[in-house]
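Comments concern the structure below.
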Amino acid sequence: MDNKPLKIKFLEAAQGPEAVKLLRQAFRLSERNARNFMDAVLAGNRFRGRKIAFGATLNGKLVGMVACERLICANDNSAEIMDLAVDEDYRGRGIGPQLMDKAETYIAREWLKGRFGSVRLKDATKRDNPHSQFYEKLGYEIDNNPGRLPCGNEPLMVKALNNAEPVALRA
């Protein structure tokens, strides 16, 4: 049984090597690609720039992370969840949904400033399990915008933020 509660806060530079391990485990990335990605995200974290990441720790161990990017497009109030990774030994404990909630709350409050917008992602959970409903349960829907095509078995998903009638979580 875990003694301390899960803590979610901005990923710190000292957690970079652990985050690289999580990314490699979750996405089968090379050491170099995972490290380059984390270097860019951690640089953004220092200044709360266009790329940020939150880490989830349990008893001092990094057990999950989520990285986000603010999209800068004309008339496009949107952000992207670039990667969500939870240590395989800690999956099924609600860490992923808590990380997603932290990221969405930050995006809605800090980047969208309460204005209507959306968050998008590639659903990598379907890569190994085409029947996964992880993101659907968090209120995401398939992005049917004809300008965006799915990437292999990873459909693009979208969720509205700060709308007048919040998107209800699906059971």
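In this text, all values refer to a predicted model and were calculated from it rather than measured experimentally.
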Distance-only, no hydrogens or angles: does the N162 side chain make a donor-acceptor pair with backbone N or O of G117 under 3.5 Å? no

Do F27 and L84 share a hydrophobic cluster, counting only Ile, Leu, Val, Met, Phe, Trp and Tyr and linking them when any side-chain heavy atoms are less than 4.5 Å apart? no

If hydrophobic clusters are built by linking Ile, Leu, Val, Met, Phe, Trp and Tyr wherever their side-chain heavy atoms come under 4.5 Å apart, do I81 and V86 end up in the same one? yes

Residues L112 and S78: closest non-hydrogen pair is CD2-N, 4.4 Å

Closest non-hydrogen atom pair, P17 against A14: CD-O, 3.6 Å

Side-chain ion pair, R120 and E80, N-O less than 4.0 Å: no

Just so I know, are the side chains of I142 and M157 near enough to count as touching, which here means a heavy-atom distance under 4.5 Å? yes

For the pair K51 (side chain) and A40 (backbone), establish whether a donor and an acceptor sit closer than 3.5 Å, ignoring hydrogens and angles. no

Say whether I52 and L42 are linked into one hydrophobic cluster, either directly or through other cluster members, by side-chain heavy-atom distances under 4.5 angstrom. no

Which heavy atom of R24 sits nearest to which heavy atom of S30, and what is that distance? NE-C, 3.6 Å

Sub-4.5 Å side-chain heavy-atom contact between W111 and L161: no

Minimal heavy-atom distance between P5 and L58, with the atoms involved, is C-CD1, 3.9 Å

Nearest-0.5 Å distance that lies between atom CG in D123 and atom CG in N129: 9.5 Å

Are any of the side-chain heavy atoms of K102 and K9 separated by less than 4.5 Å? no

Backbone N or O of E12 within a donor-acceptor pair of the Q15 side chain at under 3.5 Å? yes

Rounded to the nearest 0.5 Å, what separates atom CG in N59 from atom NZ in K7? 9.5 Å

Residues L99 and G64: closest non-hydrogen pair is CD1-C, 3.6 Å

If hydrophobic clusters are built from ILVMFWY residues whose side chains come within less than 4.5 Å, do L6 and M65 share one? no

Can you confirm whether L22 sits close enough to D83 that some side-chain heavy atom of one is under 4.5 Å from a side-chain heavy atom of the other? no

For a quick test of reading the model, state the closest non-hydrogen atom pair linking T125 to S132 and the distance between them. OG1-OG, 2.9 Å

Any cation-pi pair here, R48 with Y106, using under 6.0 Å and within 45°? no

Supply the atom-to-atom distance Q25 CD to D89 CG, rounded to the nearest 0.5 angstrom. 7.0 Å

Taking L11's backbone N and O only, do any of them form a donor-acceptor pair with N45's side chain (distance below 3.5 Å, no angle check)? yes

Kindly compute the distance separating CD (Q133) from CG (L138), expressed to the nearest 0.5 Å. 11.0 Å

Would a 4.5 Å heavy-atom cut-off, applied to side chains only, mark L121 and Y135 as touching? yes

Using side-chain contact (heavy atoms from CB on, under 4.5 Å), reason through V66 and I8 one step at a time and then give a plain yes or no. CA-CA 10 Å; V66 61; I8 299 176; over 6 Å; no

Non-hydrogen side-chain atoms of R32 and N36 separated by less than 4.5 Å: yes

Consider only side-chain heavy atoms of I, L, V, M, F, W and Y, link residues closer than 4.5 Å, and tell whether L23 and V63 are in one cluster. no

Do V119 and Y140 come within less than 4.5 Å of each other through their side chains, counting heavy atoms only? yes

Quick one: pull up CZ in R70 and CG in N77 and give me the separation to the nearest 0.5 Å. 8.5 Å

